Every structure is written in C-alpha cells, then in structure tokens.
Amino acid sequence: MPELPEVEVTRLSLAEPIRGARIEAVALGKPLRWPLGCAPQDLVGQEVVGLRRRGKYLLADTSVGLLLVHLGMSGSLRFGGGLPPAGVHDHFEMLTTRGTLRLHDPRRFGAVVYVHGEQDPVAMKLLDGLGMEPLSDEFSLTAFQTGLKKSRMPIKQLLLAGRLVVGVGNIYASEVLFMAGIRPTTSAARIGPVRAQKLHAAIRTVLARAVSMGGSTLRDFSSAEGVAGHFQNQTSVYGRDGAPCHVCGTPIKVLRQGQRSSYFCPACQRP
DNA sequence: CTAACCTCCTGTTCGC
DNA sequence: TGCGAACAGGAGGTTA
C-alpha cells in the first residue's frame with residue numbers, strides 16, 4: 001500500500017532519469033479512478049521538467065502543464081527501456097525519449113490526471129486541504145500540537161485523514177503510535193505535550209527510516225527501477241496480531257477503526 | 001463546520 | 001478440493 005515513503009521512494013528513483021524526457025506517445029489501459037483529463041495525444045511533445053511530491057501525490061511538471069499521479073492502494077510506477085510487454089494491470093503508459101513510464105495497478109484505485117497547473121480547479125480540489133509535509137520544516141511541533149488540540153477524533157483516524165499531517169497511512173499510523181506509546185483510540189485532544197512531542201518525532205523518524213529502506217513491499221510495490229522495499233519486515237505492530245511485543249512480550253492486539261485495522265501493544269501504548 | 005459511512009477494485013485468504 | 005464470502009485499504013464523495 002503506497003503511503004508517503006513508497007511515493008517518495010518512487011520519486012527519488014524516477015526524478016533524475018525522467019528529467020528532460022520528451023513525451024512521444026501515451027497509451028491507456030482500463031479506466032483508473034479518474035479520467036486523464038485530456039486526450040492522450042495532447043501530451044505528445046511535452047517535456048517532463050521535474051518531479052515533486054505532495055502527500056501521496058506525485059507531481060510531474062511538464063513544459064506545458066502538470067501530471068498528477070496517485071498510486072492508490074496497489075499502484076507502482078516503472079521507468080526505463082526494455083520493459084516487458086504491457087499486461088492486463090498496466091493502465092497508463094508513456095513513451096518518452098528517455099524510456100517508458102508505466103503505471104501498474106491491479107486494483108485501479110490509482111490515477112493519472114493532467115491539469116494546466118496547481119491552480120487548475122481539478123488540482124485544487126485534490127491538493128487543497130492536505131496537511132503538513134511531515135519531512136519538511138513546516139511540520140513544526142507547535143503546529144502539530146495546535147492541530148491535535150483541535151480534534152477529538154481518535155488519533156489514529158486523525159492521522160489517516162491527512163488534514164493535519166499527510167502521508168501517514170494505515171501501516172505507518174500503527175507504527176508511529178506504538179513508538180509514541182499512544183493507543184490508536186486515544187482522542188487527539190487528550191494527548192499532552194510530552195506524548196505529542198514523542199508522536200511528532202516518531203512520525204519523522206518512522207517515515208524517514210521507511211524511505212531509507214525503500215518503503216514497504218506488502219505485495220508487489222517497487223521503486224521505478226523495480227527494487228522492492230524492506231520496511232515491512234521490521235514493523236513493531238502492523239500485521240503482528242497475537243505475536244509478542246518486541247519490547248515487553250505482551251501479545252499485540254488488533255481492532256477496527258473506521259473499517260481499518262489498527263495494531264497496538266496494550267501494555268506499551270496507553271489510552 | 002465535523003465525523004461517520006459509502007464507494008471504487010481485484011488478488012488473496014478464509015470458512016464450510 | 002472447491003467455491004463463495006470476507007478481507008485488504010487510499011481517499012474523495014455523501015450523508016447525518
């Protein structure tokens with residue numbers, strides 16, 4: 001499941017190879033979450049001039065406009081020459097002078113959307129309201145604490161909502177709350193300064209570590225170069241229901257919050 | 001305004 | 001062994 005680290009790993013592996021690539025052809029497979037927003041041939045001749053990330057969106061700036069790419073639940077990008085023939089789950093393919101960019105996405109929750117720029121209404125709708133970037137300087141402790149106090153939502157669900165801070169999906173939400181010693185069900189507003197500081201630090205630490213490990217590969221995520229991640233092998237709580245906590249030995253528990261699984265250690269994490 | 005719920009999709013896992 | 005049901009989940013849209 002691509003969360004911020006997986007998207008950042010993709011960006012890091014793709015940014016340099018694709019910079020300066022001129023689009024020569026675009027082919028679409030089955031429909032993705034949203035329509036492309038232009039005719040495929042409209043992209044031909046445009047040059048990719050940079051690759052940024054906002055939350056879990058990749059933003060490919062072209063000489064004319066902007067391509068928004070979201071990996072959804074099961075998406076991954078590949079870029080290069082000599083890719084194998086496109087399969088049934090390859091739904092967007094872009095031939096360029098530097099290689100072929102391909103979106104592989106079995107569940108098709110992902111999307112590729114072309115807009116004229118970040119001020120385009122379609123882009124605004126998607127990007128407006130996103131929270132702070134956790135790995136940037138804007139993610140300050142004071143801003144984070146202020147945001148926590150404003151919500152009585154369970155902290156797990158506040159993190160997932162992405163309005164306060166972006167990029168923390170289901171896997172990493174469980175992990176950062178374990179590191180901070182906070183139960184997923186704890187109301188955000190009830191988190192005091194000490195634990196808020198721990199949570200703030202945990203978000204940065206866990207996400208940065210996951211990026212350095214190439215992200216998590218639960219099924220078939222890989223970087224644009226096809227390299228799998230390793231973070232999934234060292235989760236503290238995610239996916240470890242019933243297994244002993246690495247810190248205290250207590251069996252890890254799982255509960256459901258908003259149709260999502262939350263994993264936690266009942267001893268290490270306090271309400 | 002917030003928050004809970006619904007929806008999209010398909011590969012995998014589970015229960016009988 | 002087979003097969004349908006349940007599950008996984010990002011996140012925008014809808015409803016209360």
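The figures that follow rest on heavy atoms only: side chains count, while hydrogens, waters and symmetry mates do not. Remember, it's a predicted structure, so these values are computed and weren't measured experimentally. Labels below follow one simple rule: chain letters A, B, ... track the order of the sequence lines, proteins then strands, and each chain is numbered from 1.
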For the pair A:T235 (side chain) and A:V237 (backbone), establish whether a donor and an acceptor sit closer than 3.5 Å, ignoring hydrogens and angles.
no
Roughly, in whole Å, what's the span from NE2 in A:H104 to P in B:dT10?
13 Å
Counting only N and O atoms by type, is there a donor-acceptor contact under 3.5 Å from the side chain of A:T205 to the main-chain atoms of A:A201?
yes
Output yes when at least one side-chain N/O atom of A:S261 is less than 4.0 Å from OP1 or OP2 of C:dC7, else no.
no
Flag the pair A:R54 and A:E118 as a salt bridge only when some basic side-chain nitrogen lies within less than 4.0 angstrom of an acidic carboxylate oxygen.
no
Could you state the atom-to-atom distance from CG of A:L164 to C1' of B:dT2 in whole Å?
15 Å
For A:R107 and C:dA11, give me the distance from atom CZ to atom C1', rounded to whole Å.
15 Å
Is A:Y172 near enough to C:dG10 that one of its side-chain N or O atoms lies under 4.0 angstrom from OP1 or OP2?
no
Any donor and acceptor pair, going by atom type alone, linking the side chain of A:R183 with main-chain N or O of A:P266 inside 3.5 Å?
yes
List in chain and number order the residues that pass side-chain contact (heavy atoms from CB on, under 4.5 Å) with A:K56, two or more places apart in sequence or in another chain; answer none if no residue qualifies.
A:E3, A:V7, A:H70
Any salt bridge between A:K253 and A:D241, counting N to O under 4.0 Å?
no
Which nucleotide in the set C:dA8, B:dT10, C:dG9 lies at the smallest distance from any side-chain heavy atom of A:M73?
C:dG9
Quick check on C:dG13: is either OP1 or OP2 less than 4.0 Å from any side-chain nitrogen or oxygen of A:K125?
yes
Atom-pair distance (OH on A:Y263; P on C:dC7), nearest Å:
12 Å
Relative orientation of the end axes in the helix from B:dT2-C:dA16 to B:dC16-C:dG2, expressed as an angle to the nearest 10° (five pairs per end)
60°
For C:dA11, take OP1 and OP2 only and decide whether either is under 4.0 Å from a side-chain N or O of A:R163.
no
Heavy atoms from other residues, nucleotides or ligands near CZ of A:R256 exceed 12 (cutoff 6.0 Å)
yes
Under 4.5 Å between side-chain heavy atoms, chaining through other members, with only Ile, Leu, Val, Met, Phe, Trp and Tyr counted: pull out the rest of the cluster around A:V115, sorted by chain and number.
A:W34, A:Y57, A:L59, A:L66, A:L68, A:V113, A:V122, A:L126, A:L127, A:L130, A:V166
Between P of C:dA8 and CG of A:L255, the distance in whole Å
12 Å
Under 4.0 Å between a side-chain N/O of A:R33 and OP1 or OP2 of C:dG13, yes or no?
no
Using whole Å, report how far CD of A:E6 lies from P of C:dG9.
13 Å
All pairs passing ring pair (Phe, Tyr, Trp, His ring centres under 6.0 Å) where residues 252-271 of chain A contributes a residue, at least two apart
A:Y238-A:Y263
Whole angstrom is fine here: how far is it from CG in A:D105 over to P in C:dG9?
16 Å
Look at A:Y238 and C:dG9 and indicate whether a side-chain polar atom (N or O) is within less than 4.0 Å of OP1 or OP2.
yes
Rounded to the nearest angstrom, tell me the gap between atom CZ in A:R260 and atom C1' in C:dG9.
4 Å
Which ILVMFWY residues can you reach from A:L83 by hopping between side chains whose heavy atoms are under 4.5 Å apart?
none
Can you tell me if A:H70 touches the phosphate of C:dG12, counting only side-chain N or O atoms and a distance under 4.0 Å to OP1 or OP2?
no
Sorted by number, residues from residues 147-161 of chain A placing a heavy atom under 4.0 Å from DNA chain C are none
Answer yes or no for this row: A:F109 ring on C:dG10 base, centroids under 5.5 Å, planes under 30°.
yes
